[in-house]
Protein chains: 2
Amino acid sequence: MTAHGADVQGGDGQAEAGSKQSAIEVPAARERARAIPEAAVARLAVYLRALSGLADQNVTTVSSDELAVAAGVNSAKLRKDLSYIGSYGTRGVGYEVAVLIGQIERTLGLTRKHSVAVVGIGNLGHALANYGGFPSRGFPVAALFDLDPDLVGVPVGGIPVSHIDDIVEVCDEREVTIGVIATPAKGAQEVCDGLVAGGVTCILNFAPVVLQVPEDVEVRKVDLAVEMQILSFHVARRQQEAATELHRSNVDGVNIGPPGGGGQMPGEVESANRMVERL
Amino acid sequence: MTAHGADVQGGDGQAEAGSKQSAIEVPAARERARAIPEAAVARLAVYLRALSGLADQNVTTVSSDELAVAAGVNSAKLRKDLSYIGSYGTRGVGYEVAVLIGQIERTLGLTRKHSVAVVGIGNLGHALANYGGFPSRGFPVAALFDLDPDLVGVPVGGIPVSHIDDIVEVCDEREVTIGVIATPAKGAQEVCDGLVAGGVTCILNFAPVVLQVPEDVEVRKVDLAVEMQILSFHVARRQQEAATELHRSNVDGVNIGPPGGGGQMPGEVESANRMVERL
DNA sequence: TCTTGTGAATGTTTTCACAGCC
DNA sequence: GGCTGTGAAAACATTCACAAGA
């Protein structure tokens with residue numbers, strides 16, 4: 001989740017909360033925004049996409065049940081999430097798609113453009129710079145940066161690449177709000193510092209490092225290796241469960257054992273360490 | 001994760017939990033694995049990376065405080081997370097780096113190889129297929145798929161691209177455990193079905209759709225648009241807070257407003273938008 | 001009758017704080 | 001003295017279940 005986020009959450013994985021509560025009574029307006037749980041924010045974005053899909057099909061009204069199915073959550077959760085942003089439904093009927101889209105966009109701050117800078121124009125950077133869904137939703141790519149002089153000036157996805165040494169001034173000039181770090185781990189912290197110096201307050205980090213930032217800068221992290229390892233964990237868990245199940249069956253005297261060679265655990269710590277060496 | 005898993009993102013962001021508890025008494029072995037919270041699993045992967053870094057610098061021992069700093073979490077959380085996998089520290093001293101690496105790898109199932117298939121060899125697919133940190137950590141890329149006949153047979157990152165029509169048999173043959181979907185939203189569900197039919201039980205989905213899968217298949221989602229929108233939300237929240245702060249100052253009669261052009265806070269939404277304009 | 005919106009209940013995760021051990 | 005491991009408390013998130021309103 002995320003550095004902050006991230007989850008993160010989530011998520012989620014991600015979603016490290018961690019903001020301090022002011023001692024005084026919270027004013028209503030501030031309270032409203034602060035009160036939306038991080039996890040709910042992430043889902044609002046998902047609902048928004050589902051709603052856009054419905055709007056494209058000229059659906060004008062949707063019930064919490066229908067929308068919940070489209071978004072892959074249960075309807076109680078969906079209603080609770082929507083309740084954080086206000087009461088825009090009609091009892092007995094459902095929600096007006098257009099209204100809900102408008103309100104979610106407002107809540108997520110999508111009524112304003114957020115200029116994006118992508119740093120590190122390697123494979124991933126290219127992919128991001130060319131990513132269509134990016135600018136289409138109010139996130140215009142305003143700058144690209146790389147270290148490689150051969151790349152500087154070359155347009156990628158329509159924007160010429162700038163040299164990373166100019167990151168502070170270019171970000172400042174073009175009013176970049178969101179920086180996307182797609183560099184190797186090595187240079188990521190330095191890049192991050194440059195972005196922050198250039199006035200960027202939100203960072204999406206694809207580099208496998210924990211970034212150090214001032215507390216008013218928001219970082220979200222997307223980490224391939226972590227995602228893969230989480231999946232790996234679930235494979236392992238399932239296997240272990242199956243093995244336990246099997247074992248119990250055997251103990252119970254009911255032999256449903258494997259026809260061919262058994263699912264064995266390979267040898268312990270050494271193999272693990274060898275793997276690390278390689279990375 | 002979020003996911004999940006979540007979530008990170010959170011967490012997650014991600015990290016939808018949702019597994020049912022079996023009614024019977026849990027056998028110890030099964031219990032051990034099930035008992036690790038999803039959020040903790042994601043962090044274990046982060047600790048592992050930090051530990052690998054330490055190992056590379058020939059550090060042999062680390063305290064929970066040091067490791068926590070390296071991983072960007074607080075030390076109580078780290079100790080709690082480690083306690084889920086067992087007691088491998090020494091009071092008054094800390095943890096042996098090598099031991100911890102071994103235990104985390106074992107827990108995450110990294111002592112076994114997990115063959116990966118990447119589907120959709122566009123910009124992102126290319127990036128993934130070439131991603132070095134991928135195979136290096138026990139996740140060899142075993143297959144690539146695309147729809148485009150011009151791409152079929154072309155090697156990308158050393159592996160020739162197969163046609164997507166062959167996805168079921170190729171996945172089966174090469175014993176793919178993890179499928180990575182890097183296609184447009186359009187074909188993603190179909191691809192997913194193919195992977196599942198080919199015996200894949202873990203999916204990392206980059207396509208902006210909610211995938212429908214049997215309950216024994218684990219899906220994690222990485223969603224650019226959602227991440228960007230979460231960041232956007234935080235920009236909006238900060239601005240709103242700043243506006244509220246300013247408003248309160250004015251109401252309190254303490255004028256700390258901007259020197260040029262009044263820092264006024266006229267009614268609600270409009271003013272918020274104007275302010276947004278300025279930032 | 002149908003569906004929203006929401007308190008209350010439940011479940012999960014984080015944080016605290018300190019006993020136990022080196 | 002220092003640091004781990006962990007119960008217990010607090011914070012956070014999800015689910016239930018139903019009153020209120022169209």
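Note on naming: letters A, B, ... go to the chains in the order of the sequence lines (proteins, then strands), and numbering restarts at 1 for each one.
Checked against salt bridge (Lys or Arg N to Asp or Glu O under 4.0 Å), A/D223 has the following partners two or more places apart in sequence or in another chain: A/K221, B/R49. A/T201 is linked by a side-chain hydrogen bond (donor to acceptor under 3.5 Å, both in side chains) to nothing, counting only residues two or more places apart in sequence or in another chain. Annotation: side-chain hydrogen bond (donor to acceptor under 3.5 Å, both in side chains) contacts of B/T107 (sequence neighbours excluded): none. The side-chain hydrogen bond (donor to acceptor under 3.5 Å, both in side chains) search around A/N205 returns none, not counting sequence neighbours. The side-chain hydrogen bond (donor to acceptor under 3.5 Å, both in side chains) search around B/T177 returns none, not counting sequence neighbours.
In this entry the distance linking CG of B/D81 with P of C/dT13 reads 11 Å, nearest Å. As rounded to whole Å, 19 Å separates atom P of D/dA10 from atom NZ of B/K77. Atom CG of A/L82 is separated from atom P of D/dT14 by 14 Å (rounded to the nearest Å). Going from atom CD1 of B/I85 over to atom P of D/dT6 covers 12 Å, rounded to whole Å. Remark: P of C/dT13 and CD of A/E38 are 16 Å apart, rounded to the nearest angstrom. For the pair A/Y84 OH and D/dC12 P, the computed distance is 12 Å after rounding to whole Å. At whole-Å resolution of the value, CG in B/L100 and P in D/dT4 are 10 Å apart. As rounded to whole Å, 14 Å separates atom P of D/dC3 from atom CG of B/L78.
Contacts with DNA chain C (heavy atom under 4.0 Å) in residues 62-71 of chain A: A/S63, A/S64, listed by number.
A/I101 places none of its side-chain heavy atoms less than 4.5 Å from the side chain of A/Y95. Counting heavy atoms from C-beta on, the side chains of A/V200 and A/V196 never come closer than 4.5 Å.
Within the structure, salt bridge (Lys or Arg N to Asp or Glu O under 4.0 Å) contacts touching residues 58-73 of chain B (residues at least two apart or in different chains) do not occur.
Look at B/Y95 and you won't find any side-chain N or O under 4.0 angstrom from OP1 or OP2 of C/dC22.
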Compile the donor-acceptor pairs under 3.5 Å between side chains in residues 51-60 of chain A and protein atoms, sequence neighbours left out, one pair per line.
residue : atom : partner : partner atom : Å
A/S52   : OG   : A/L48   : O            : 2.9
A/S52   : OG   : A/R137  : NH2          : 2.5

For this session: Heavy atoms under 4.0 Å is the rule here; annotate nucleotides 16-22 of chain D 5' to 3' with B where the base is hit, S where only the sugar-phosphate is, and - elsewhere.
Result: BB-BBBS
